[in-house]
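Since the model is a prediction, treat every value here as computed from it, not as a measurement. We use all heavy atoms of the structure for the numbers below, so side chains are in, but hydrogens, waters and symmetry mates are not.
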Amino acid sequence: GDYLKLSLDMMCKERILPIAPAQFDALIDQKQFALRADASVVKPMYRGAFEAIIATAPSLRFSNLRLGDSVVRPFLGVVSAHCRHLVDLDMSDNEITVPLEEWAAALCQLPTLRKLDLSWNSWLGGNIRALSGLKALRSLALYDCLKVKGDVRGLSGLTTLENLNLTNTGVDGNLK
């Protein structure tokens, strides 16, 4: 038969994103280890890796992974609470419908965020004005987010914005 098709069919379709160390600890507490002491080794290893890789990352790119809201919503909480140095977040080309209002609530905690790419999430919606609090943004890509609406003038306070792509959205208006 077709080995590629078989391989793709057997792959785990449900992808997850990094979780906070406290959530990981709770998850590990529910697992059984051959040696219970192994849990006390795994927990600090995850915490160390999370702090070194995720919490201090200037860029997180989770594009084209078919991610849905069930993994993205918890991840927004992780990003908001732990990723204070994040400059670039790319969540493009997934299956996200989480509205812009929820993105804004989480990302407003990140004073260094300069680039946000949510493009190619066709069913992502919300009002563009929700992102007006992301004052440090220099680049915003929402193309092909068909349900994003509002007046582009809602972004007029983003004075550092250099690149804006709203192609194939419901956003209208004139931003001079």
Side-chain angles (χ1 to χ4, degrees), residues 8-28 30-31 46-47 49-150 154-155 158 161 163-171:
L8 292 173
D9 288 344
M10 298 305 291
M11 286 174 48
C12 177
K13 303 284 193 277
E14 183 67 27
R15 299 189 187 258
I16 62 168
L17 294 172
I19 60 175
Q23 292 169 297
F24 182 81
D25 290 352
L27 184 66
I28 290 300
Q30 298 172 3
K31 304 295 180 187
Y46 180 81
R47 183 174 301 278
F50 180 89
E51 293 298 329
I53 298 167
I54 302 301
T56 61
S59 179
L60 293 175
R61 298 178 177 273
F62 296 106
S63 178
N64 195 25
L65 296 175
R66 298 188 336 206
L67 298 172
D69 295 351
S70 63
V71 294
V72 170
R73 274 195 173 99
F75 180 67
L76 284 176
V78 171
V79 168
S80 175
H82 298 279
C83 299
R84 299 292 181 191
H85 306 287
L86 191 62
V87 174
D88 177 4
L89 179 59
D90 183 352
M91 301 291 288
S92 63
D93 200 12
N94 282 295
E95 299 170 0
I96 302 168
T97 66
V98 175
L100 292 180
E101 290 77 7
E102 289 183 47
W103 287 93
L107 300 179
C108 72
Q109 306 298 318
L110 308 176
T112 59
L113 188 66
R114 305 284 185 264
K115 182 177 180 185
L116 177 60
D117 189 347
L118 299 174
S119 58
W120 296 103
N121 286 292
S122 298
W123 301 110
L124 185 143
N127 192 305
I128 192 76
R129 177 176 290 246
L131 300 178
S132 65
L134 304 179
K135 301 290 186 191
L137 273 187
R138 291 186 182 152
S139 179
L140 176 60
L142 292 170
Y143 55 89
D144 225 28
C145 294
L146 306 174
K147 293 188 168 202
V148 171
K149 306 280 188 233
L155 299 179
L158 300 183
L161 197 59
N163 299 307
L164 177 63
N165 192 331
L166 299 173
T167 306
N168 289 333
T169 66
V171 177

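- Contact check for Val78 versus Leu17: no side-chain heavy atoms found under the 4.5 Å cut-off.
- Residues Arg61 and Asp117 are not paired through a salt bridge, judged by the lack of any N-O separation under 4.0 Å between the basic side chain and the carboxylate.
- Under the 4.5 Å side-chain criterion, counting only non-hydrogen atoms from C-beta, Leu60 is in contact with Cys83.
- Leu158 CG to Arg138 CZ: the interatomic distance, rounded to the nearest 0.5 Å, is 12.5 Å.
- The CG atom of Leu124 sits 8.5 Å away from atom CG of Asp69, with the distance rounded to the nearest 0.5 Å.
- Within the 3.5 Å criterion, the main-chain N or O of Ala52 finds a donor-acceptor partner in the side chain of Thr56.
- The two residues Asp88 and Leu86 come nearest to each other via the heavy atoms O-CD1, 3.5 Å.
- Looking at heavy atoms from C-beta onward, Leu118 lies out of side-chain contact with Val148 at the 4.5 angstrom threshold.
- Proximity of Ile128 to Leu142: side-chain heavy atoms (C-beta onward) are separated by under 4.5 Å at one or more points.
- Atom CG of Asn94 sits about 16.0 Å away from atom CH2 of Trp123, to the nearest 0.5 Å.
- By the side chain to side chain donor-acceptor pair (under 3.5 Å) test, Arg73 pairs with Glu102, sequence neighbours left out.
- Ala104 approaches Ala130 most closely through the heavy-atom pair CB-O, 3.0 Å.
- For residues 126-136, no residue pair satisfies the side-chain hydrogen bond (donor to acceptor under 3.5 Å, both in side chains) rule, not counting sequence neighbours.
- Scanning both residues, Gly126 and Glu101, for their nearest heavy atoms gives CA-OE1, 3.4 Å.
- Residues forming a side chain to side chain donor-acceptor pair (under 3.5 Å) with Ser92 (at least two apart in sequence, or on another chain): Ser63, Asp90.
- At most 12 heavy atoms of other shown residues, nucleotides or ligands fall within 6.0 angstrom of atom NZ in Lys147.
- The closest side-chain heavy-atom distance from Thr97 to Asn121 is not below 4.5 Å.
- Looking only at side-chain heavy atoms (C-beta outward), Val71 and Phe62 stay at 4.5 Å or farther from each other.
- We find the OG-CG distance between Ser139 and Leu164 to be 8.5 Å, quoted to the nearest 0.5 Å.
- Here the shortest heavy-atom pairing between Glu51 and Pro21 reads OE2-CG, 4.5 Å.
- In this structure, the separation between CG on Leu107 and CG on Leu134 is 6.0 Å, given to the nearest 0.5 Å.
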For this session: Apply the test side-chain contact (heavy atoms from CB on, under 4.5 Å) to residues His82 and Ile54: give CA-CA distance (whole Å), side-chain angles for both, the deciding distance (0.1 Å), then the verdict.
Result: CA-CA 8 Å; His82 298 279; Ile54 302 301; over 6 Å; no
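- In this structure, CG on Leu161 lies 6.5 Å from CG on Leu137, to the nearest 0.5 angstrom.
- In plain terms, the two heavy atoms of Ala136 and Arg114 that are nearest each other are CB-NH1, 2.9 Å.
- The minimum heavy-atom distance between His85 and Thr112, with the atom names listed, is C-OG1, 3.3 Å.
- Ile96 has its side chain within reach of Trp103: a pair of non-hydrogen atoms, C-beta onward, lies under 4.5 Å apart.
- Looking at heavy atoms from C-beta onward, Ser122 lies in side-chain contact with Leu146 at the 4.5 angstrom threshold.
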